[in-house]
Peer 1: 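Sharing a structure here in structure tokens format.
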Protein chains: 2
Amino acid sequence: MHNFTLYNPVKVLFGKGQIKELTNLITKGKKILLTYGGGSIKENGVYQQVISALDGYEIIEFAGIEANPEFNTLMKAVEVCKNKKIDLILAVGGGSIIDGTKFIAAAANYAGDPWEIMTKPDATINSAIPFGTVLTLPATGSEMNCGAVISRRENGDKLAFMNPLVFPQFSILDPETTYTLPKRQLQNGIVDPFIHVAEQYLTTDLNTPIQDGMAETVLKTLIKVGKDIVNGTKDYDTRASWMWAATNALNGFIGVGVDHDWATHMIGHELTAAYGLDHAQTLAIIAPKLWRHQMENKSAKLLKFAHNVWGLENSHDEIAIKQSIILTEEFFASLDIKLSLKEYDISPDYDKITKNLFKYSQTPLGERRNLDEKAVKEILQMAH
Amino acid sequence: MHNFTLYNPVKVLFGKGQIKELTNLITKGKKILLTYGGGSIKENGVYQQVISALDGYEIIEFAGIEANPEFNTLMKAVEVCKNKKIDLILAVGGGSIIDGTKFIAAAANYAGDPWEIMTKPDATINSAIPFGTVLTLPATGSEMNCGAVISRRENGDKLAFMNPLVFPQFSILDPETTYTLPKRQLQNGIVDPFIHVAEQYLTTDLNTPIQDGMAETVLKTLIKVGKDIVNGTKDYDTRASWMWAATNALNGFIGVGVDHDWATHMIGHELTAAYGLDHAQTLAIIAPKLWRHQMENKSAKLLKFAHNVWGLENSHDEIAIKQSIILTEEFFASLDIKLSLKEYDISPDYDKITKNLFKYSQTPLGERRNLDEKAVKEILQMAH
């Protein structure tokens, strides 16, 4: 096991009816910026619950944060924060709203050009505006971590940053807010946490039974609830298991002391930036191909995956590994999730994608730092 | 799943050599009270590592906190904190030192009679002296939670309190500090986290696959490493898996949204207070008897325990449940841990123990609040 530091001060309020606790979480008199997306929260009643809980507070609204939150949009919110002297931001929505809010919170207090937060690893973030979240789409885990992914479409960029100053102060997770999500977001909400776990679990075997068992628990839970979730079940416990699984996929606990991959994410981000695919759609396409490409390097953990997640204890090792990848693809396919770029009518420009991928850092990807431009092209070709 | 709030802001630094990070964790100029026990930290080099890391800091030492930390001892440390205007307490040791330090931290800032912290559920703790820990004995989980158990021998009391103001600011967990622990503490360090998990897991089945899977992971890890640990292995990964398992047994994650039992602990505390048994020794005796006494009420979770922890999927349900309890007893016995009071030459005074148990609260124990004086006596008789 590697040495590690674990720190996660997010206060999670989980369960039905928890939105009304906002009044106990936010001190009266605070000037609040309410960030949200395209308005679905007005259709499903979440907006009304929030406004009702915050009756008597001074609230300024900033709507219109898009999927893959856009730098230029977020900079408008940064201006509002500065002009209106916002005390606290309340993000209501899914991972894009929360990620965007993290950037707003940090950028509003940043001395230099805020785009440096995304592109300069040594950019110094000294403070951020405090914020909380009301999560309505289980998927990214952003509600309980300090990472965010921001896009800048004019540059074709989709980049990540992490900073302990952008942990949410609190996150409210009410499984009932997910009942009205459309099928595409339910599909994404299964794939996204599944691959988050895989990026931390399917790496090197470092003899870490606690982290591995937690990872396997999240994967098995997603497999167990996946079909019902995508079919739109209104069973509360199923929704709750899903929502809590997605948070635990990326709140730090699975990833302590182990090697991390994240190459699927890095490649996927480029496909989103170039072709507009949903984040989770890119992950479902890339991950199984990357595992096949790196089968030998990842064999010890793929075997645990085969045994402990897919129950293939009785197969020959190599067959079990190959079968575990096929079963994962079958699982995604059973949720009507596409497994190749071709199915989206995309013929990728391999050179352009790999070039953009290594634009800000030339370090090869993966837990072994062995996926260079050539390897990424090979994986993309497998993904076509 | 029940609604829940999860909040755990402890910064954990895990791994070999992490004690030297103290200098980065504590601001220069702080006046530190160093709390520890009987001096074993001077024999195993941990004291020297701490002092060397804190070269140049003003440190006042308070040694002599005993196992089952004693109110009257701790009150002497409270006086030191007040007289010397201590800024930060550093607890170096196991659960007793950390629990004792939590009480010191809260009592030093408490307006009334500090014993109220233990006996009055509505005692108002408005602040506590900040503190950090260097853990040397994996067992209680106190390094990553906000609970503490304190004894007052003159009253025959052993009582618990919890308060978010007594989360450690940081905890350093170096598995190498455990290499010199004596066998008895290694035994306790397996049983204690095992029963911590059981108190949260072997209750009601509320359809909580994430919490259940985490619980099973900790139990399976303890079963896997138990024998090697008690035999004094110096294998780093085995020590690290054990140490991290013990922390995760009681850092809140396994216990969110589920019913809690804790009757084994409550009964065990009385046995410690009356007969001086180690905390974990009492748990190993009481828990299996309590599970048998409550077999019907706990059957759904005992069956999961049988299937997922002990691999008894192919047995008849009732046989699997009984067998899982026997296998747990066999596991403890394989670590030379005694399973009855008789083996310690104790003939308990059932009336006295049950009377003292319900002294401050008459509420029956267990997740169903169904264990009254009569039931506790029956369990104690089974434990003789």
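Chain letters run A, B, ... following the sequence lines, proteins first, then strands; residues in each count from 1.
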Peer 1: Checking heavy atoms, do the side chain of B:N251, its backbone, both or neither come under 4.5 Å from chain A?
Peer 2: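 For B:N251, the contact with chain A is made by the side chain alone.
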Peer 1: Identify which part of B:K220 has an atom lying under 4.5 Å from any heavy atom of chain A, answering side chain, backbone, both or neither.
Peer 2: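 Neither part.
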Peer 1: If you round to the nearest 0.5 Å, how far is CG of A:N3 from CG of B:D174?
Peer 2: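 Answer rounded to 0.5 Å: 7.5 Å.
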Peer 1: Check whether A:V10 gets within reach of chain B through its side chain, its backbone, both or neither, counting any heavy atom under 4.5 Å.
Peer 2: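 It is the backbone, since no side chain atom gets that close.
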Peer 1: Rounded to the nearest 0.5 Å, what separation is found between the NE2 atom of A:H2 and the CZ atom of B:F14?
Peer 2: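 Going from NE2 on A:H2 over to CZ on B:F14, the span is 13.0 Å.
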Peer 1: I'd like to know if the side chain of B:N8 reaches the main chain of A:P9, judged simply by a donor and an acceptor atom lying under 3.5 Å from each other, with no hydrogens or angles considered.
Peer 2: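 Answer holds: no.
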Peer 1: Looking at chain B, which one of A:G257, A:P209, A:P175 has the largest number of heavy-atom pairs inside 4.5 Å, strictly under?
Peer 2: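 Between A:G257, A:P209, A:P175, the count favours A:P209.
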Peer 1: Identify which part of B:Y236 has an atom lying under 4.5 Å from any heavy atom of chain A, answering side chain, backbone, both or neither.
Peer 2: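 When you check distances to chain A, only side chain atoms of B:Y236 fall under 4.5 Å.
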Peer 1: For B:T221 versus A:I210, what's the shortest heavy-atom pair and its separation?
Peer 2: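 Closest heavy-atom pair between B:T221 and A:I210: OG1-CD1, 3.5 Å.
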Peer 1: Given that the side chain runs from C-beta out, which part of B:Q211 has a heavy atom under 4.5 Å from chain A: side chain, backbone, both or neither?
Peer 2: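 It is the side chain, since no backbone atom gets that close.
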Peer 1: Where on B:V225 is there a heavy atom nearer than 4.5 Å to chain A: the side chain, the backbone, both, or neither?
Peer 2: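 For B:V225, there is no contact with chain A at all, as no heavy atom is under 4.5 Å.
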Peer 1: So, does A:D237 use its side chain to make a donor-acceptor pair with the main chain of B:M1 at under 3.5 Å?
Peer 2: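 Side chain of A:D237 to backbone of B:M1, a donor-acceptor pair under 3.5 Å: yes, one is there.
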Peer 1: Would you name the heavy atoms of A:L6 and B:M144 that are closest together and state the gap between them?
Peer 2: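 In this case the closest contact between A:L6 and B:M144 is CD2-CE, 4.1 Å.
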Peer 1: What residues of residues 194-208 of chain A sit under 4.5 Å from chain B when only non-hydrogen atoms are counted?
Peer 2: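 If one takes a 4.5 Å heavy-atom cut-off, the residues of residues 194-208 of chain A near chain B are A:L206, A:N207.
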Peer 1: Indicate the atoms forming the closest heavy-atom contact of A:M214 with B:N248, along with that distance.
Peer 2: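 Closest pair (atom of A:M214, atom of B:N248, distance): CE-OD1, 3.3 Å.
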Peer 1: If you measure from CZ on B:F4 to CH2 on A:W244, what distance do you get to the nearest 0.5 Å?
Peer 2: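 These two atoms lie 4.0 Å from each other.
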